Amino acid sequence: MSQAVRVITLTMDGREISARGDQTVLQVARENNMYIPTLCHLTGLARVGSCRLCLVEVKGINKLLPACVTRVEEGWEVSLNSERLSKYRKSILELLFSERNHVCAVCVSNGHCELQTLAQTLGMTHVHFAYRYPRLAVDGSHDRFVVDHNRCILCTRCVRVCDEIEGAHTWDLLGRGVNAQVITDLNQPWGESDTCTGCGKCINVCPTGALVEKGKSVREMTKQRQFLPYLTLMRERRW
Amino acid sequence: MSKARVATLWLDGCSGCHMSLLDMDERLLELAGKIEMVFSPLVDQKEFPENVDVALVEGAVSSDEDLEKILKVRARSKLLVSLGDCAVTANIPSMRNPFKVKDVLDRAYIENATLNPGAPVDAVPTLRPQARPIHEFVNVDVFVPGCPPSADTIYFVLAEILEGRVPDLGAKTRFGA
Ligand code: SF4
Ligand code: SF4
Ligand code: SF4
Ligand code: FES
């Protein structure tokens with residue numbers, strides 16, 4: 001940062017807080033140990049603001065703002081956990097659960113899944129929308145990894161980590177809306193991918209049981225994320 | 001105080017939720033002083049009675065018979081509890097949903113059968129096209145996720161309801177717990 005960054009003051013859930021003007025609402029909240037739920041966001045990856053779980057209210061602004069991609073401004077009065085936000089956040093989770101097939105009881109990520117944990121934390125006990133129960137593929141063609149589209153929430157963390165950190169860009173998105181899905185290379189089986197280095201980064205950043213190691217049984221798939229901040233720093237400094 | 005009339009119902013589930021209910025062990029004795037079990041796979045009673053205070057329902061709605069039962073149970077119960085993931089999300093039974101019923105039956109009873117291949121036709125309820133959660137058919141008052149919900153969770157739910165409170169499950173259970 002060449003220019004000096006302004007220090008500003010604002011309130012979050014009534015608490016007076018000072019922050020740097022180049023910080024996002026989410027960064028400031030976390031620095032002050034205040035909780036905002038997130039899914040697509042992962043520190044160390046580009047911010048896409050796509051899942052909308054982190055929406056917050058700012059007094060005087062009509063629309064809700066995604067905390068992970070919104071910079072704080074002087075004098076803002078931000079609500080992180082109002083009734084209205086809780087309702088919207090639960091609806092988002094319900095849509096995610098109803099869009100694909102989540103059968104936690106037999107999922108390799110049961111007990112270690114961000115989607116499942118969020119449902120519990122935010123008190124989402126059932127889905128009001130009609131479940132779609134789509135027929136989706138499981139690709140086990142890779143030697144060591146599996147992609148189970150039944151569990152994918154299209155957060156694109158895999159796409160970003162593979163492109164930005166590993167530099168392979170094996171993953172991408174195909175299709176739109178409800179037909180969108182993640183693909184490897186030019187929609188080839190993962191096992192036939194020319195670009196995948198087998199580094200396993202996508203497995204570890206995936207919040208759900210969609211990307212997992214082969215051979216894991218129910219509840220066995222835990223993810224490691226510690227590597228990400230270090231690698232991001234190394235890329236920035238070109239070590 | 002008169003005893004609360006409690007019923008339990010078993011639709012398309014593995015009976016794990018009922019096993020969990022029995023896992024309450026000695027707390028069942030304590031509950032026995034407060035409730036009367038008027039209908040359940042665990043008691044000998046053929047017809048679902050009128051004026052039930054609390055009905056705990058395990059399992060998804062998968063057959064025409066399931067649907068008939070849940071409609072009757074709703075009509076005759078003050079409070080309906082959706083007990084366990086199969087009741088709440090259709091869970092494991094829903095894994096057949098992306099496929100046609102005929103394909104599922106063929107897979108089980110013809111492709112993988114060595115003796116007498118052929119799906120049963122008499123004396124078993126007709127499967128509906130999909131297994132679906134209870135609340136898609138009737139109003140549900142309390143949702144208890146879990147596969148199965150633990151004995152502690154079920155005890156808490158019953159104890160709260162008997163005290164006239166709506167159980168706040170919070171950290172006690174979750175999908176797949
Ligand atoms: S990915 Fe998460 S929410 Fe989905 S079935 Fe697995 S544990 Fe449940
Ligand atoms: S294993 Fe590494 S290279 Fe292969 S798809 Fe995942 S992140 Fe990309
Ligand atoms: S596979 Fe995992 S990381 Fe990739 S988009 Fe789906 S849920 Fe996100
Ligand atoms: S975490 Fe902010 S939009 Fe997904």
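Only a predicted model underlies this, so the values are computations on that prediction, with no experimental measurement involved.
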Colleague: Which heavy atom of B:Pro98 sits nearest a heavy atom of A:Pro134, and at what distance?
Modeller: CG-O, 3.5 Å
Colleague: What do you reckon, is OH of B:Tyr109 surrounded by more than 12 foreign heavy atoms closer than 6.0 Å?
Modeller: no
Colleague: For the interface with chain A, which of B:Leu169, B:Ile92, B:Val144 has the highest count of heavy-atom pairs at distances below 4.5 Å?
Modeller: B:Ile92
Colleague: Do chain B and chain A have donor-acceptor pairs under 3.5 Å, and which are they?
Modeller:
unit_1: B:Thr89; atom_1: O; unit_2: A:Tyr133; atom_2: OH; d: 3.2
unit_1: B:Arg132; atom_1: NH2; unit_2: A:Tyr131; atom_2: O; d: 2.9
unit_1: B:His135; atom_1: NE2; unit_2: A:Val127; atom_2: O; d: 2.7
unit_1: B:Ala171; atom_1: O; unit_2: A:Gln120; atom_2: NE2; d: 3.2
unit_1: B:Thr173; atom_1: O; unit_2: A:Gln120; atom_2: NE2; d: 3.1
unit_1: B:Arg174; atom_1: NH1; unit_2: A:Asn110; atom_2: OD1; d: 3.0
unit_1: B:Phe175; atom_1: O; unit_2: A:Gln116; atom_2: NE2; d: 2.8
unit_1: B:Gly176; atom_1: O; unit_2: A:Asn110; atom_2: ND2; d: 2.9
unit_1: B:Gly176; atom_1: O; unit_2: A:Arg219; atom_2: NH2; d: 3.2

Colleague: Which region of B:Ala87, side chain (C-beta onward) or backbone (N, CA, C, O), has a non-hydrogen atom less than 4.5 Å from a non-hydrogen atom of chain A, or is it both or neither?
Modeller: neither
Colleague: Measure the spacing between CZ of B:Phe175 and CE of A:Met124 and express it to the nearest 0.5 Å.
Modeller: 3.5 Å
Colleague: Identify, with sequence neighbours excluded, every residue that meets salt bridge (Lys or Arg N to Asp or Glu O under 4.0 Å) alongside B:Glu50.
Modeller: B:Arg76
